[in-house]
Each structure stands twice: as structure tokens, then as C-alpha cells.
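Working notes, beginning with the structure itself.
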Amino acid sequence: MPMNRLVSVAAGLLLGAALPAVSAARQAAPAAQPAAEALRVFLDCNAFCDGEYLRREITYVNWMRDRADADVHLLITSQSTGGGGQQYNLKYIGLKTFQGSDDEIRFATHQGDTDDEVRKQLTQRISLGLARYVARGTFADRLTVTYKAPEGAGTTTQKPHDPWNLWVYTVGVNGNLFGESQNKFNSVSGSLSARRVTETWKFRGSFRGSHNHSENTLSDSTVFKSTTSNYNLSTLLVRSLGEHWSFGIDASAMRSTVDNFDLSTKVMSGIEFDVYPYKESSKRQFVLVYSAGMSYANYRDTTIFNRLKETRPLHSLTAALSATQPWGSVNASLTGSNYLNDWSKNRLSISTGCSIRIVRGLQLDLFGGYSRVRDQLSLEKAGISDEERLLRLKQLKTSYFYNAFMGLSYTFGSKFNNIVNPRFESTSGSNCFCGGGSCFCN
């Protein structure tokens, strides 16, 4: 049979099979039924999210680039758990026809979970939350929910046995080596931490140490060698006093060549009040913290106040605000501290940052910080050399410091954000390694 004849016969068969199905669908659908379209979702993630993976796995919705075009605004935030993992908070905000149909899902990952395990858990929870919205649309008959029971699952839930009794430990060692013909640098650092978190108590202890050495060839061919080291031990013990109050003790010890400390210790106790309940901390917080205690310093070299060691009482007051909302996020803090035996030795610091969606596609990012410094007690009396000043090998005298950032971006074009195409990403001109929700590039 000729090829064109075969094509005609096949087309006729396909068309004949499709027409009854199309006719039946039209008869079953209400007259006012709108054209079938997938649920539109705007992903707003303020945590570790693999957006490309989500778009590949969840294909029964349309991922939108702008919130104004979405039916559901998915806001994702996270905070650290006592076991070293992350507690994710998934807030589904209904828009347009779903106005007022909000929902919220919380789940926690473990410290040992890989990025792949985290994104699979996140995808599964997102799918569960989206199901209620998809069920109200034209795609409901195409979606099913299945359950996979664990092997040997019984009818009751047993409390798991924890041989570590909620204690979590982390040990780390790092090394860095860099060199070229006129400059060399090497460093080694290590850390050890232990923590235990329950609903009533919170304990965190850590030790960090680093040793750095560099050699730099100057313009007169002389070689300037420098060595710095820093060791820090800190502990925090907190007792919950309800939904709004908590009491804590913070102790630390430090040895630093840069800050002129042979040994510096500090013990502070304080009370914290959160205007909002602590269970809302992933969405909003407004806390007031007052702390008071003692500090001791044994200096490496004589300070500008002719001291080699001293003990001083001090206190501090902090007000901090943070919020993550559909319109963006904002955080701000104000801290004042001084030594009680000399109120002229004080410091006032303020910092704030925000990310705001102004209109469709237009986003403003702002960050700024300022500190008024009057408490530099450890400055060396002998001063520092130009080389030490340029390389910041020792603490510099200052009455203030500040930093600021501003960014404005506008995105326009197609409103859909479904397609994933990673081709030629490795030739973008940078070499990056990603893991644990962060990336390092060179």
C-alpha cells in the first residue's frame, strides 16, 4: 500500500477514536466551565529550595514568575532545630478565587540528610499542600494520592528510642593553602560543638580555633611575614518560661592576636521577652533582651589605658524585629551596651535589612548597619606598623563603622516559569561547589 495511503488511514483511525471522547467530555462539562488550566503557583522560598527540581517533579501546576499572576502564593521559611536539621514552614496563601483559603504545613529534616533527601521531603510536603487546591479545579480527576506503609507498621505510634538523649555533636577540621611567586598563605582551623534542645531547655556549646600564616614580598624585595591566631569558646544555656519569656546564661572565652587578648572571658545572664508567641518565630519575631554580667581581660601588650589586665561589670539591651510576609521580608535590631563602672565606655549598634516587592516584577533590597564605638579597651599602646594596618593584622582605632547595600531589580516578560534547561551551565565562567544549602564559587 502506498505510504500516503497508510498515513491517511492512520489519521482517520486516530480522529475517529478521538471524536467520541471529545464529544462525551463536552456533554459532561457544564456550559459555564472555563477552559482547563493548571493551578498557578508562585514559589517564594526563603530557605534551601531546589527550584529546578521542584519544577521537574511537580508538573501538574504552572509555576509563575510573579505573585500577581498566581492562584496560590507558596511562602517557605525555615529555622534550625535542636538536632542540627531545619524546620520548614510551608504557608499556602490563596489568591483570586482561592482568597481566604490559606493553609500551613510544618516538617523537620535531620542534620545528616543530604541535599537530595531534603529536596525530596520538601517536594512531597509541597505536593500534599497543593492537593487541596488542585482538587477544586479542572485537574482534580487527573491527580491521585497514594500511601506507602512502612514495613511492620503497627496500629499505634511508638516513641522512638534515642540512645543519644537528644545530644548532637559536630567536629570539623579545615585547611587552606594559596600561593604565587610573591605571596603565600596557609591556614588551619578546627571546631567542636555540642547542643541539646528540648521544649523546656536549650544548651549550645562550641569551640573554634584558627591559625593563619602569610608571606608577602614588598616592592623593595623584602619579605613581610605575619602570623595570626584566634581561639573562641562559648556556651549558652536557656530555660523556657512560657510562650513569651525565657531566661539564659551566656559564657565565653577568647584568645586573639588581632584583638590583643591573651585571655578574655565574659559571663552574662539575661531575660528575653517575645511580643509574639515563640511558635510564630518562623514568620515573625519582636524580642527585647536585657543581659548583665562581668568581663575579664588579660592583654598580650599594654593597652592605651596602661592596663595589662582588668575586670569590669557590663550590661546590654537589645530590641530585634524580623518578619517574613507575602510582600517580602524585613529585619532590624538595636543594641546598646556599656561598662557599669565607666558609662563613657559604651557602644550603640543598629542594623536593618528588607526585601520588598513594590509592584509586579519590581523588587527593592536594602541593608544597612552602623555602630558608634566608645569601648575599644584592648588597643595596643605601642601602635601598629603600616604593614599591619594594611593587612589588618591588629585592631584599628575607630569611633564608628558602617556598611550599606541597596539593590533594585525589575523583571518582565513571560509570566510562566515551568521550563528547566541546564545545558552549558558548566561553561558559564565560574567553578562552584554547592552543598548543605550554600555554594562556594571561584
Side-chain angles (χ1 to χ4, degrees), residues 169-178 184-195 203-216 224-238 248-270 291-316 318 335 337-342 345-347 349 371 373-398 401:
Y169 304 92
T170 304
V171 180
V173 178
N174 301 286
N176 187 19
L177 182 65
F178 168 81
K184 298 178 181 178
F185 173 82
N186 64 77
S187 68
V188 59
S189 61
S191 63
L192 172 65
S193 67
R195 59 184 176 273
F203 172 82
R204 182 177 68 237
S206 66
F207 170 80
R208 298 181 183 276
S210 65
H211 182 87
N212 309 300
H213 178 77
S214 64
E215 298 182 11
N216 299 275
F224 179 78
K225 299 181 180 181
S226 64
T227 300
T228 60
S229 61
N230 184 80
Y231 304 96
N232 188 287
L233 176 67
S234 63
T235 60
L236 174 68
L237 180 64
V238 179
I249 298 177
D250 189 1
S252 63
M254 180 178 67
R255 177 185 176 94
S256 173
T257 58
V258 175
D259 294 316
N260 191 30
F261 287 122
D262 195 38
L263 177 63
S264 172
T265 61
K266 185 185 299 183
V267 178
M268 304 281 287
S269 61
S291 300
M294 300 290 294
S295 69
Y296 166 80
N298 185 3
Y299 302 109
R300 295 169 55 86
D301 295 302
T302 304
T303 69
I304 57 176
F305 300 102
N306 294 314
R307 300 286 184 90
L308 276 174
K309 61 176 63 177
E310 59 183 329
T311 302
R312 291 175 178 261
L314 73 161
H315 68 163
S316 67
T318 298
T335 300
S337 63
N338 70 271
Y339 291 95
L340 292 171
N341 64 336
D342 187 350
K345 304 298 187 293
N346 57 70
R347 180 175 301 210
S349 301
S371 290
V373 181
R374 299 291 187 274
D375 60 354
Q376 288 183 292
L377 302 180
S378 62
L379 293 173
E380 292 186 28
K381 184 177 181 178
I384 62 176
S385 66
D386 290 338
E387 292 83 1
E388 291 173 330
R389 180 184 297 271
L390 291 173
L391 296 175
R392 298 193 66 87
L393 299 177
K394 294 185 178 180
Q395 183 183 181
L396 301 177
K397 182 179 181 180
T398 184
F401 65 82

message = Quick check: closest heavy atoms across Ser349 and Ser371, and the distance to 0.1 Å?
response = OG-OG, 2.7 Å
request  = Answer yes or no: are there more than 12 heavy-atom neighbours, outside Arg312 itself, under 6.0 Å from its atom CZ?
outcome  = yes
note = When every non-hydrogen atom of Asp301 is compared with those of Asn260, the smallest separation belongs to N-OD1, 3.0 Å
inquiry  = Please find the pair of heavy atoms, one from Leu308 and one from Asn298, that lie closest to each other, and give the distance.
reply    = O-OD1, 3.3 Å
request  = Measure the spacing between CZ of Phe178 and CG of Asn186 and express it to the nearest 0.5 Å.
outcome  = 12.0 Å
task = Not counting sequence neighbours, list each pair that qualifies as a salt bridge (Lys or Arg N to Asp or Glu O under 4.0 Å) and has a residue in residues 248-265.
result = Arg255-Asp262
request  = Could you tell me whether a side-chain N or O of Asp375 sits under 3.5 Å from a main-chain N or O of Asn338, the two making a donor and an acceptor?
outcome  = no
remark   = Residues Thr265 and Ala253: closest non-hydrogen pair is CG2-CB, 4.0 Å
ask   = Step by step, would you call Asn176 with Phe185 a side chain to side chain contact (heavy atoms under 4.5 Å, CB included)?
value = CA-CA 8 Å; Asn176 187 19; Phe185 173 82; 3.9 Å; yes
inquiry  = Nearest 0.5 Å, please: how far is OG in Ser226 from CG in Leu393?
reply    = 4.5 Å
request  = Verify the distance criterion only: is there a donor paired with an acceptor across the side chains of Ser337 and Ser316 at less than 3.5 Å?
outcome  = no
inquiry  = Testing the basics here: between Tyr231 and Gly209, what is the closest heavy-atom pair and its distance to 0.1 Å?
reply    = CD2-CA, 3.6 Å
Side chain to side chain donor-acceptor pair (under 3.5 Å) partner of Tyr299, the single match among Lys381, Glu310, Lys309 = Glu310
inquiry  = Going by the rule side chain to side chain donor-acceptor pair (under 3.5 Å), which residues pair with Gln395 if we only count those two or more places apart in sequence or in a different chain?
reply    = Gln376, Ser378
key: Phe203 versus Gly205, closest heavy-atom pair with distance   = CE2-N, 3.8 Å
ask   = Taking atom CZ of Phe207 and atom OG of Ser191, what is their separation to the nearest 0.5 Å?
value = 9.5 Å
query = In terms of heavy-atom contacts, does NZ of Lys345 have more than 12 from other residues, nucleotides or ligands at under 6.0 Å?
reply = yes
key: Rounded distance (nearest 0.5 Å) linking atom NZ of Lys394 with atom OG of Ser385   = 7.5 Å
inquiry  = Measuring from atom NE2 of His213 to atom OG of Ser187, what distance do you get when rounded to the nearest 0.5 angstrom?
reply    = 12.0 Å
request  = Apply side chain to side chain donor-acceptor pair (under 3.5 Å) to Thr318 and Thr335, showing your working.
outcome  = CA-CA 4 Å; Thr318 298; Thr335 300; 3.1 Å; yes
key: Test item: Thr257 side-chain N/O and Ser229 main-chain N/O as donor-acceptor pair under 3.5 Å   = yes
ask   = Is the number of heavy atoms from other residues, nucleotides or ligands under 6.0 Å of Arg208 CZ greater than 12?
value = no
query = Hey, does Val238 have a side-chain heavy atom less than 4.5 Å from the side chain of Arg204?
reply = no
note = Value for OG (Ser206) from CG (Leu236), rounded to nearest 0.5 Å, stands at 10.0 Å
